[in-house]
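Let me begin by presenting the structure, written as structure tokens, before commenting on it.
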Amino acid sequence: MQNIRLRFAPSPTGALHIGGVRTALYNYLLARKFNGTFILRIEDTDQTRYVPGAEDYIVEALQWCGIVPDEGPGFGGEYGPYRQSDRKDIYAKYAKELVASGNAYYAFDTPEELNAKRAQSAEGDHSVWKYDSHTRMSMRNSLTMPAAEVEQLLADKTPYTVRLKVPANDEVIIQDRVRGEVIFQTNELDDKVMLKADGMPTYHLANIIDDHLMQITHVIRGEEWLSSTAHHVLLYRAFGWEDTMPEFAHLPLILKPAPESFINKNNLAELAERFTGDLMQKHGDTPGLKEDSTLKAITQLFQDKASLSSRLKVKDKEPEDKKVLKTYLKDSLYGKLSKRDGDRLGMPVFPLSWEGETEADSFLGFREAGFLPAAVVNFLAFLGWNPGTEQEIFSLDELIEAFDLEKISKSGARFDYDKARWYNQQYLLQMPAAELPPLVRPIIEAHGHQPEADYLEGFCDLMKERAVLLTDFWTGGYYFFEPIRDYDDVNIRKRYKPERRPLFENFIGQLDELSNFDAVHTKEAAHTFMEETGLKFGDVLPILRLGLAGTMQGPDVFRMMELMGKETVVTRLREGLNYFDNLINS
RNA sequence: GGCCCGUUCGUCUAGGGGUUAGGACGCAGGAUUUUCAUUCCUGAAACACGGGUUCGAUUCCCGUACGGGCUACCA
């Protein structure tokens with residue numbers, strides 16, 4: 001394979017969702033593996049869906065993951081421009097060529113007329129009306145109208161589209177690198193719009209022209225494109241480019257996580273509430289749909305999660321509100337992972353946070369949730385691909401080495417947030433000591449603390465095997481930087497014996513006397529203390545831990561003391577004893 | 001509804017005509033530990049169903065069921 005060229009072609013309609021990142025990754029991996037070129041192309045042909053900032057977001061997200069384009073807007077390259085809106089003239093020219101060669105035609109039907117057709121058909125036999133080889137001769141287009149009239153309409157600037165004239169009674173055979181042979185009958189294919197009334201091309205036209213002009217050799221994209229690939233092949237044929245047509249590989253979709261995996265006793269109520277709120281917001285005007293009964297119904301469905309999917313089947317004779325409820329739940333619990341799922345399920349589905357116009361349009365990213373890019377990349381790579389070995393941890397370079405189109409699986413992969421967390425933990429655990437503090441520092445600083453380098457280093461060393469996400473360094477270790485906020489009252493009641501207070505005060509005094517406060521010496525002091533008093537580890541250590549951190553969870557007590565330093569330790573322990581007594585006496 | 005794609009533990013998956021169907025996440029139990037975590041050990045857990053083909057099918061073929069995608073002047 002020589003000089004392979006692959007592209008990632010997102011559309012800047014908002015934040016790039018994690019499935020898009022995986023598509024980009026696979027394209028990148030294959031390009032790198034064979035010393036090819038990875039291209040970023042911005043597909044902004046839908047002016048109505050354009051979102052400012054989305055393109056910057058896409059670039060930043062890719063860079064964060066280490067997926068850097070060789071060519072693209074802002075990255076240079078010989079095949080630009082790489083933004084489709086800058087290539088409008090090219091598409092118009094080719095569209096005209098398509099009409100001239102008899103492979104496309106002008107269509108003057110208005111969107112309203114088309115919608116009416118579809119509505120009419122839907123009422124009849126449930127079939128869907130299509131603009132295709134069976135119906136095109138009864139529509140208003142350059143195939144049915146006299147040439148002079150068409151010329152006149154064009155000259156009058158009547159809005160028109162250009163549609164592909166799909167040949168009848170033919171077959172399109174696609175050799176997909178993931179799925180093998182896929183066959184489509186052209187009679188089933190509609191005459192897709194190539195050029196819209198606003199002069200912009202549709203995805204179908206633009207992507208074929210650009211892939212050809214940019215000499216793309218492999219198209220790796222999501223399975224949602226498989227159905228329209230037949231049209232794309234037809235276009236290559238129409239342009240006479242079939243012999244240089246790229247290879248196709250359609251990736252399995254990333255699906256929503258299995259309900260069984262995220263519905264559990266702890267979050268059931270919260271989850272049910274979130275779903276109810278979302279449902280009411282969307283369908284609140286449905287007759288009979290009441291918030292309290294809906295919440296009850298959803299809670300009940302979630303409780304019996306084993307039979308969830310079968311209980312969401314909609315029956316014809318059910319009342320409208322029930323149908324709405326079931327349809328909503330089915331759509332939001334199953335199927336492909338979507339933007340909203342992150343909020344509903346309480347997990348990130350975007351690489352980076354996105355600030356939308358409203359809060360409902362803003363999303364938390366993996367980066368802000370405390371994930372390392374390498375972990376996200378590793379996790380994503382394994383969602384739909386597997387090297388066939390038992391190795392789980394792969395650096396980007398190792399992924400490039402191991403990646404192989406033939407190993408991509410065919411069936412959709414459920415998004416597994418726990419697995420993502422596990423990957424992150426593994427990367428944290430493996431990380432060389434020097435690399436961690438720079439990553440943790442911003443999190444600590446965001447909470448208003450400027451730790452000394454040594455202190456931060458020691459802190460990271462103590463916390464690293466207790467953290468899954470970078471943000472855990474703060475949530476699990478904030479007390480190294482500021483006073484204790486929450487004491488674990490349950491454990492204090494269980495462990496603290498007020499009559500031992502004088503003993504502990506004594507011990508604190510002994511600690512205060514120590515000239516060397518390292519872990520070895522404080523431990524020694526504790527041993528002496530226990531020998532003198534007859535107390536056991538289990539009597540002493542929990543008290544110290546609770547006094548120092550407020551919680552039973554945390555690093556080795558003596559190492560904690562060493563890092564905090566004598567002054568803090570002594571003060572905290574004294575304050576702790578006061579708190580314990582107050583608690584017991586209250 | 002039509003077209004297309006898929007189906008191995010709850011999840012990600014390996015495997016492949018004869019295997020004790022392998023690994024990982026998660027879960028349960030145990031060891032270590034002053035706690036939590038790490039680490040280690042153990043366990044429960046899968047070839048959707050029905051027909052073929054075959055000496056033999058989870059593996060090949062065909063159906064069914066189920067899941068998914070598409071069905072826009074969106075990408």
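First the proteins, then the strands, lettered A, B, ... as listed; each starts at 1.
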- Task: With heavy atoms under 4.0 Å as the rule, sort A:Leu189 into base, sugar-phosphate or nothing.
- Result: nothing
- Message: Students often get this wrong, so: under 4.0 angstrom with heavy atoms, is A:Leu546 touching a base, only sugar-phosphate, or nothing?
- Response: nothing
- Task: Flag this pair as yes if the NZ/CZ of A:Arg163 is under 6.0 angstrom from the six-membered ring centre of A:Tyr131 and inside a 45 degree cone about the axis; otherwise no.
- Result: yes
- Where the side chain of A:Ala413 is concerned, which of B:G26, B:U13, B:U39 is the nearest nucleotide? B:U13
- Task: Identify, between A:Gly538 and A:Glu188, the residue whose nearest nucleotide on RNA chain B lies closer to the 5' end.
- Result: A:Glu188
- A:Lys523 NZ to B:U34 P, straight-line distance once rounded to whole Å: 7 Å
- Task: Mind checking A:Val557 for me? I need base, sugar-phosphate or nothing, with any heavy atom below 4.0 Å counting as a touch.
- Result: base
- Query: Does A:His232 reach the main-chain N or O of A:Asn207 with its side chain, forming a donor-acceptor pair under 3.5 Å?
  - Reply: no
- Task: Residues of residues 463-478 of chain A with any non-hydrogen atom less than 4.0 angstrom from an atom of RNA chain B: list those, numerically ordered, please.
- Result: A:Glu465, A:Arg466
- Message: If you count heavy atoms of other groups shown closer than 6.0 angstrom to OH of A:Tyr160, is the number above 12?
- Response: no
- Item | B:A24: pairing nucleotide in any strand, Watson-Crick or G-U under 3.5 angstrom | B:U11
- Would you please name every residue forming a side chain to side chain contact (heavy atoms under 4.5 Å, CB included) with A:Gln391, sequence neighbours left out? A:Thr389, A:Phe394, A:Glu398
- Query: So what does A:Gln185 hit on the nucleic acid, given a heavy-atom distance under 4.0 Å: a base, only sugar-phosphate, or nothing?
  - Reply: nothing
- Whole-Å distance, A:Arg495 CZ to B:C36 C1', equals 12 Å
- Task: Residues of residues 382-391 of chain A with any non-hydrogen atom less than 4.0 angstrom from an atom of RNA chain B: list those, numerically ordered, please.
- Result: A:Phe382, A:Leu383, A:Gly384, A:Asn386, A:Gly388, A:Glu390
- Query: Can you check the A:Asp404 CG to B:A14 P distance for me, whole Å?
  - Reply: 12 Å
- Item | Rounded distance (Å) that lies between atom C1' of B:G2 and atom CG of A:Asp132 | 12 Å
- Expressed in angstrom and rounded to an integer, what is the separation of A:Met561 atom CE from B:U35 atom C1'? 13 Å
- Task: Determine the contact category for A:Asp176: base if any of its heavy atoms lies under 4.0 Å from a base atom, sugar-phosphate if only primed atoms, P, OP1 or OP2 are that close, otherwise nothing.
- Result: nothing
- If a protein heavy atom is under 4.0 Å from the base, mark B; if only from the sugar-phosphate, S; if neither, -; do that for nucleotides 59-75 of chain B going 5' to 3'. --------SBBSSSBBB
Considering only nitrogen or oxygen atoms on both sides, find all protein atoms under 3.5 Å from nucleotides 27-32 of chain B and state each distance.
none

- Across the strands shown, which category fits A:Phe184 at heavy-atom distances under 4.0 angstrom: base, sugar-phosphate, nothing? sugar-phosphate
- Message: Tell me the interatomic distance from A:Ile174, atom CD1, to B:C3, atom P, rounded to whole angstroms.
- Response: 16 Å
- Task: Using atom CZ of A:Phe379 as one end and atom P of B:U13 as the other, report the distance to the nearest whole Å.
- Result: 10 Å
- Among B:U8, B:G23, B:U34, find the nucleotide with the atom closest to the side chain of A:Glu392. B:G23
- Message: Measure NE2/A:His231 against C1'/B:C4 and give the value in whole Å, please.
- Response: 13 Å
- Results of side chain to side chain contact (heavy atoms under 4.5 Å, CB included) for A:Ser85 - residues two or more places apart only: A:Asp44, A:Arg83, A:Met200
- Item | Out of B:C12, B:C5, B:G6, whichever nucleotide has its closest atom nearest the side chain of A:Lys410 | B:G6
- Message: For a quick check of understanding: with a heavy-atom distance under 4.0 Å over all strands, which category does A:Lys407 fall into, base, sugar-phosphate or nothing?
- Response: sugar-phosphate
